[in-house]
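These notes concern the structure reproduced below.
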Amino acid sequence: QVQLVESGGGLAQAGESLRLSCAASGSIFSIADMGWYRQAPGGQRELVADISRGDSTNYADSAKGRFTISRDNAKNTAYLQMNSLNPEDTAVYYCRARVSYVLNSYTYYWGQGTQVTVSS
């Protein structure tokens, strides 16, 4: 099994910062891309940012300039630094990772999510 555990969510006021972590564990040969998604109440799950093993990144327009995704391959961990938070960032944030436990075979895994609430 592969487990993804998010941490770092919580309460913040508008303009403040939070740093999310996603730690992968289990039967892992390698991890390709990792990403952060979010889902607001009644909304669809949407991409926030993702990062490849080679550190190329992709951001949603709403995250550009405010959020930074990074990873530590030795720790099988991804991070999302969120600055200048606003109430529209309130959502459950999910980590997703494309994981291989054998060469050239990958499966997506999701974490359980961590709540981020931003007050005005």
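Everything numeric here is computed off the predicted structure, so don't read it as measured data.
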Practice item. Carefully, step by step, assess Phe29 and Val102 under the rule side chain to side chain contact (heavy atoms under 4.5 Å, CB included). Key: CA-CA 6 Å; Phe29 176 75; Val102 295; 6.0 Å; no
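- Ile28 CD1 to Ser100 OG: the interatomic distance, rounded to the nearest 0.5 Å, is 10.0 Å.
- Rounding to the nearest 0.5 angstrom, the gap separating the CZ atom in Arg38 from the CZ atom in Phe67 is 5.5 Å.
- With Tyr93 as the fixed residue, the side chain to side chain contact (heavy atoms under 4.5 Å, CB included) test singles out one of Met82, Gln115, Gln39: Met82.
- Between the side chain of Thr90 and the main chain of Val118, a donor-acceptor pair closer than 3.5 Å is present.
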For residues 5-17, please give each side-chain donor-acceptor pair under 3.5 Å, one per line with the distance, not counting sequence neighbours.
from  : atom 1 : to     : atom 2 : distance (Å)
Glu6  : OE1    : Gln112 : N      : 3.2
Glu6  : OE1    : Gly113 : N      : 2.9
Glu6  : OE2    : Cys95  : N      : 2.8
Glu6  : OE2    : Gly113 : N      : 3.2
Glu16 : OE1    : Gln13  : N      : 2.9
Ser17 : OG     : Asn83  : OD1    : 2.8

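- Looking only at distances, a side-chain donor or acceptor of Arg66 sits under 3.5 Å from a matching main-chain atom of Ser84.
- The hydrophobic clustering, which links ILVMFWY residues whose side-chain heavy atoms are closer than 4.5 Å, places Ile51 and Val99 together.
- Cluster membership check: Met34 shares its hydrophobic cluster with Tyr109, using side-chain heavy-atom separations under 4.5 Å among Ile, Leu, Val, Met, Phe, Trp and Tyr.
- One hydrophobic cluster, built from ILVMFWY side chains closer than 4.5 Å, holds both Leu18 and Leu80.
- Scanning both residues, Trp36 and Cys22, for their nearest heavy atoms gives CZ2-CB, 3.5 Å.
- Heavy atoms only, all atoms of each residue included: Ser120 and Pro87 are closest at CB-CG, 3.8 Å.
- Residues Asn73 and Ile31 have side chains not in contact (no heavy-atom distance under 4.5 Å, counting atoms from C-beta outward).
- Closest heavy-atom contact between Tyr59 and Ile69: OH-N, 2.9 Å.
- For the pair Arg98 (side chain) and Ser52 (backbone), a donor-acceptor distance under 3.5 Å is absent.
- Proximity of Leu20 to Val116: side-chain heavy atoms (C-beta onward) are separated by under 4.5 Å at one or more points.
- Ser21 approaches Tyr79 most closely through the heavy-atom pair OG-CD2, 3.4 Å.
- With values rounded to the nearest 0.5 angstrom, Asp89 atom CG is found 11.0 Å from Thr117 atom OG1.
- In this structure a side-chain-to-backbone donor-acceptor pair under 3.5 Å is missing from Tyr106 to Ser30.
- Taking OG1 of Thr68 as the reference point, atom CZ of Arg19 lies at 10.0 Å (rounded to 0.5 Å).
- Remark: Tyr108 OH to Asp33 CG distance equals 4.5 Å, nearest 0.5 Å.
- By the 4.0 Å N-to-carboxylate-O rule, Arg96 lies too far from Asp50 to be salt-bridged with it.
- Inter-residue side-chain proximity for Val92 and Tyr37 is flagged as unmet; no heavy-atom pair is nearer than 4.5 Å.
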query = Should Val2 and Thr107 be marked as a side chain to side chain contact (heavy atoms under 4.5 Å, CB included) after you check the CA-CA gap, both sets of side-chain angles, and the distance that decides it?
reply = CA-CA 10 Å; Val2 174; Thr107 301; over 6 Å; no
